[in-house]
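Remarks on the structure that follows.
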Amino acid sequence: MTVQASESAAPVGTVPAAAPPAARRDRLRFLRNGKTATGLAILGMFVLLAVAGEWLAPYDPSAMSDDVLQPPSWEHPFGTTQTGQDIFSQVLVGTRGVLVVGFVAGFFATLLSVLVGVSSGFLSGIGDEVLSALTNIFLVLPGLPLIIIIASFLPDSGDVIIAVVISLTAWAWGARVLRAQTMSLRGRDYVQAARATGESTWRIIVFEILPNLTAVIASGFVGTVIFAVLSEITLAFIGVADISHWNWGTILFWAQSNQALGQGAWWWFVPAGLCIALLGTALTLINFGIDEFVNPRLRTAVRVRGGARMRVGFTPVARAPRGGAEPAGKAVGARETEETPV
């Protein structure tokens, strides 16, 4: 009797076959997602403006002129303020401060949430109780009022200082989520196997736990960036941050202080508001893309081999080739059914 060798019993030294093109394309599924691509494109545009905004600005954003409260024109694309300042230049120069605060605060808040959440979830005993109690304390603290109080007492409320203050108050939610995920992972078989082989605790966390938390960490980072951007704009709008430093919140502060809406100068606050909305939309689309990449039930209309289509709530059944025999293993009663409800 002839026994066929399986793929796992391949002779030593055999060069494995190259991954099929479909498998290689599947690795880029996250970037090929429409929501992710749109969000990254919009975010890339703002990053470019943040880097080159000072060189692209046609005027000094603080320079005054005789063109007072002029509507949008070729000379001033976003119009001017009541002191003749060019709003287009203010928007371009202010993009850098918004993105710096958002990403710096997102980085430090995510770092704190990973350190506290993963350590609390993997450890047990007094260490878990202390870290969990610390997380609960920061969860019940009002974030924005605490940021306002801390920022108002600081002598220098620059972008980096504001970002650090925001990160100190925005890490607790991410830590709580990571703690729950880590507690569900520490009892898995591969973690127990690593412990049985004598692996150290830090090596198990770094090489066994963290790779399975990458998507959760990335989603938390994007959410923290959104919160940090809105907090920075809020601080500037209410006058807590340095109003001499241009960002989108500073533009809204001066527009509100000079009653732009009452004077009918809609161009003074609409461009900054649209930029805030576009940046928030871009980050939200990226977050949606991460969710669809992680959660299989959110992946709709993904084609697989055999002509079947993955849809939420349906089990795919391979179609029979035209003019050919039915696929092996397919029930006779399911010949006319392409998708069967779960």
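For this chain, numbers begin at 1 and follow the sequence in order.
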Among L40, L285, T284, the one residue meeting side-chain contact (heavy atoms from CB on, under 4.5 Å) with K35: L285
Might you point out which heavy atoms bring W267 and G264 nearest each other, and give the distance in Å? CZ3-O, 3.8 Å
Gap separating the CG atom of L283 from the CG atom of L278, nearest 0.5 angstrom: 11.0 Å
Determine whether a donor-acceptor pair (N or O, by modelled atom type, separation under 3.5 Å) exists between the side chain of S132 and the backbone of E129. no
Would a 4.5 Å heavy-atom cut-off, applied to side chains only, mark D67 and E75 as touching? yes
Expected output: side-chain S89 to main-chain A57 donor-acceptor under 3.5 Å: no
Return the minimal non-hydrogen interatomic distance between T95 and F46, and the atom names on each side. CG2-O, 3.5 Å
What distance separates I166 CD1 from I161 CD1, expressed to the nearest 0.5 Å? 11.5 Å
Indicate yes or no: does D159 engage R96 in a salt bridge with an N to O separation below 4.0 Å. no
Test side-chain contact (heavy atoms from CB on, under 4.5 Å) on T135 and W171; report intermediate values, then the result. CA-CA 8 Å; T135 304; W171 60 269; 3.8 Å; yes
Please say whether the positively charged group of R203, taken as NZ for Lys or CZ for Arg, lies over the ring of F207, i.e. under 6.0 angstrom from the six-membered ring centre and within 45 degrees of the axis. yes
Please report the closest heavy-atom contact between V93 and G53, naming both atoms and the distance. CG2-O, 4.4 Å
Which pair of non-hydrogen atoms, one from N287 and one from S219, has the smallest distance, and what is that distance? OD1-OG, 2.7 Å
Residues R179, S120; criterion side-chain hydrogen bond (donor to acceptor under 3.5 Å, both in side chains); working and verdict: CA-CA 6 Å; R179 177 180 180 272; S120 177; 3.1 Å; yes
If you compare all heavy atoms of L69 against all heavy atoms of T80, which two are closest, and at what distance to 0.1 Å? N-OG1, 3.3 Å
I'd like to know if the side chain of R186 and the backbone of G121 have a donor-acceptor N/O pair within less than 3.5 Å. yes
Note, V118 side chain near Q181 side chain (heavy atom, < 4.5 Å): no
Do L115 and L123 share a hydrophobic cluster (ILVMFWY, side-chain heavy atoms under 4.5 Å, transitive)? no
Examine L99 and L56 and state if one hydrophobic cluster contains both, with Ile, Leu, Val, Met, Phe, Trp and Tyr joined whenever side-chain heavy atoms are less than 4.5 Å apart. yes
Quick one, I147 and I162 - any side-chain contact, counting heavy atoms below 4.5 Å? no
Does a side-chain heavy-atom distance below 4.5 Å link L134 with V130? no
As a quick check of understanding, evaluate side-chain contact (heavy atoms from CB on, under 4.5 Å) for T281 and T38, giving each step before the final call. CA-CA 10 Å; T281 301; T38 304; over 6 Å; no
Are there more than 12 heavy atoms of other residues, nucleotides or ligands under 6.0 Å from atom CD of Q259? no
V101/N247 under side-chain contact (heavy atoms from CB on, under 4.5 Å): CA gap, chis, key distance, verdict: CA-CA 10 Å; V101 171; N247 60 53; over 6 Å; no
Keeping the roles fixed (side chain from S119, backbone from V116), state whether a donor-acceptor pair exists under 3.5 Å. no
Note, W268 side chain near I251 side chain (heavy atom, < 4.5 Å): yes
Going by the angle between their ring planes, with limits at 30° and 60°, are F88 and F78 parallel, tilted or perpendicular? perpendicular
Look at the side chain of R195 and the backbone N and O of V191, then say whether any donor-acceptor pair between them is shorter than 3.5 Å. no
Identify whether I217 and V177 are in the same connected component of the hydrophobic contact network (ILVMFWY, side-chain heavy atoms under 4.5 Å). yes
Is there a path of hydrophobic side-chain contacts, each under 4.5 Å between heavy atoms of I, L, V, M, F, W or Y residues, that connects L131 with L168? yes
Please check if atom CH2 in W254 has more than 12 non-hydrogen atoms from other residues, nucleotides or ligands closer than 6.0 Å. no
Set of residues satisfying side-chain contact (heavy atoms from CB on, under 4.5 Å) with respect to T201, sequence neighbours excluded: F122, I205
List the atom of Q90, the atom of T81, and the distance in Å for their closest heavy-atom pair. NE2-CG2, 4.2 Å
Does any non-hydrogen side-chain atom of F221 lie less than 4.5 Å from one of F103? yes
Side chains of W246 and S62, donor plus acceptor under 3.5 Å: yes
Once rounded to the nearest 0.5 Å, what's the spacing between atom CG of L279 and atom CD1 of I42? 9.5 Å
same_hphob_cluster(L178, V225) at 4.5 Å side-chain heavy-atom cutoff: no
Look only at the side chain of T224 and the backbone of A109, and say whether a donor-acceptor pair between them is shorter than 3.5 Å. no
Could you check whether any side-chain heavy atom of I148 comes within less than 4.5 Å of a side-chain heavy atom of T234, counting everything from C-beta outward? no
Spatial distance of atom CZ (F269) from atom CD1 (I276) [nearest 0.5 Å]: 12.5 Å
Spacing of I238 atom CD1 and F253 atom CZ [to the nearest 0.5 Å]: 10.0 Å
Can you tell me how far the NE2 atom of H76 sits from the OG atom of S65, to the nearest 0.5 Å? 5.5 Å
